[in-house]
Amino acid sequence: MSEITIRRPDDWHVHLRDGAMLAAAAPFTARRFGRAMVMPNLDPPVTTAKAARAYRERILAVAGPGFDPLMTCFLTDETDADEVVLGFAEGVFAAVKLYPAHATTNSAAGVTDIGRAYDLFERMADIGMPLLVHGEVTDGDVFDREAAFIERVLAPLLERFPTLKVVFEHITTEDAVDFVREAGGRLGATITAHHLLLNRSSMFEGGIRPHRYCLPVAKRERHRLALRRAAVAAEPPFFLGTDSAPHAVSEKESACGCAGIFSAPAALELYTQVFDEEGALDRLEDFASINGARFYGLPVNEDTVTLVRDGAAVPEEVPIDGGERVRPFMAGRTLPWRLGPGDD
Ligand code: DOR
Ligand code: ZN
């Protein structure tokens, strides 16, 4: 197959940032995806419907036509349940995002005591509003934090709220794959392109590779292979979420480099590569364009996107207004797939 046309996919987990970075990053996502679940970890985070509405307008102003950003509410210990429920009813908030405090970039205002959100979770379950979780505890070995989160936080949460819809974001382990499979439908999971391509050794290939560092950090090879199997089988609870997370080069190539991989410039091309490598191009559409919409109870997109097997180079860097630069995942590499004419 030298070309594939699929229903336009959605990116169910992306960081678009704000200001000049938003202007540089958003068009890459909007060119490929119909909708995107936009993460709220701005500084300060998006915690009110008013802030989300204004942020959505800023995204639309730079994204280009036909793109529908879905907004999320950053959960803090102080979150007002009425505000969230009203924001959902008004169609401003699509979901709530739970970051354990200090788990990752711009998460200091996150949750320190999950019990404070139990009333909110009860109401979210009643109205069918999904909870998106950054699934890592904040203590112990960094490579074990996702597995620990399942046992200490996620399993008890699902048990306490048996009808709450939850998305386990950017899963990185076989433990997570198995857990999602066994959860029976109301637990979904996003899988990034980079976690399908990197293992933990990739971060140290010939030296330290800051542009391959993200959170949750890539794990052992056996975990990467388990993620690949789940994705390319297009099992219903697993769907596309890039976690594209741009940081200026100066923030990445630093004594204390930020977590985040900017995959938006090649994300769909990279998923296509993975499905091709696994002989599963016929299931790319399910994973990229159908499973997520089904999970969220939204219609699938009616237009299509074409990918062509015809090498294209990923830019070395993307300039940001004001002088900074951001380096994409796979910068400078020639990838086997590119967006087709009209889609690029
Ligand atoms: O690597 C990451 N970067 N993981 C996250 O959870 C947050 C993200 C960011 O905002 O940079
Ligand atoms: Zn993220």
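We count ligands from 1, going down the list as the structure has it; atoms in each ligand are counted the same way. Just the heavy atoms: all of them, side chains too, but no hydrogens, waters or symmetry mates, feed the values below.
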I'd like to know if the side chain of S250 pairs up with that of E324 as donor and acceptor (distance under 3.5 Å, no hydrogens or angles considered).
yes

Should C214 be counted as touching ligand 1, given the test is an N or O pair under 3.5 Å?
no

Side-chain donor-acceptor contact under 3.5 Å, T172 with K219:
yes

What do you reckon, does N41 put a non-hydrogen atom under 4.0 Å from ligand 1?
yes

Checking D243 now: which residues fulfil side-chain contact (heavy atoms from CB on, under 4.5 Å) with it, not counting sequence neighbours?
H13, H15, H170, T192, H194

Determine whether the aromatic ring centres of residues F287 and F238 are separated by less than 6.0 angstrom.
no

By side-chain contact (heavy atoms from CB on, under 4.5 Å), D144 pairs with (sequence neighbours left out) D141

Contact with ligand 1 for R17, non-hydrogen, under 4.0 angstrom
yes

Please state which protein non-hydrogen atom is closest to atom 3 (N) of ligand 1 and give its distance, to 0.1 Å?
A259 O, 3.1 Å

If you scan protein heavy atoms around atom 1 (O) of ligand 1, the nearest is L215 N, 2.8 Å

Atom 5 (C) of ligand 1: which protein heavy atom is closest, and how many Å away?
T104 OG1, 3.0 Å

According to the interplanar angle, ranging from 0 to 90°, do the rings of F168 and F149 count as parallel (below 30°), tilted (30 to 60°) or perpendicular (above 60°)?
tilted

Geometry only, no angles: is A245 polar-contacting ligand 1 at N/O separations under 3.5 Å?
no

What pairs with Q273 under side-chain contact (heavy atoms from CB on, under 4.5 Å), at least two apart in sequence or on another chain?
L197, L270, E277, L335, P336, W337

Y296 and F239 aromatic ring geometry - parallel, tilted or perpendicular at 30°/60° bounds
perpendicular

Mark the output for M39 as yes if a heavy-atom distance to ligand 1 is under 4.0 Å, and as no if none is.
no

Any N/O of H134 closer than 3.5 Å to an N/O of ligand 1?
yes

Going by distance only, is there an N or O of Y99 that falls short of 3.5 Å from an N or O of ligand 1?
no

Listed as residue and atom, the protein N/O/S atoms under 2.8 Å from the Zn ion (ligand 2) are H13 NE2, H15 NE2, D243 OD1

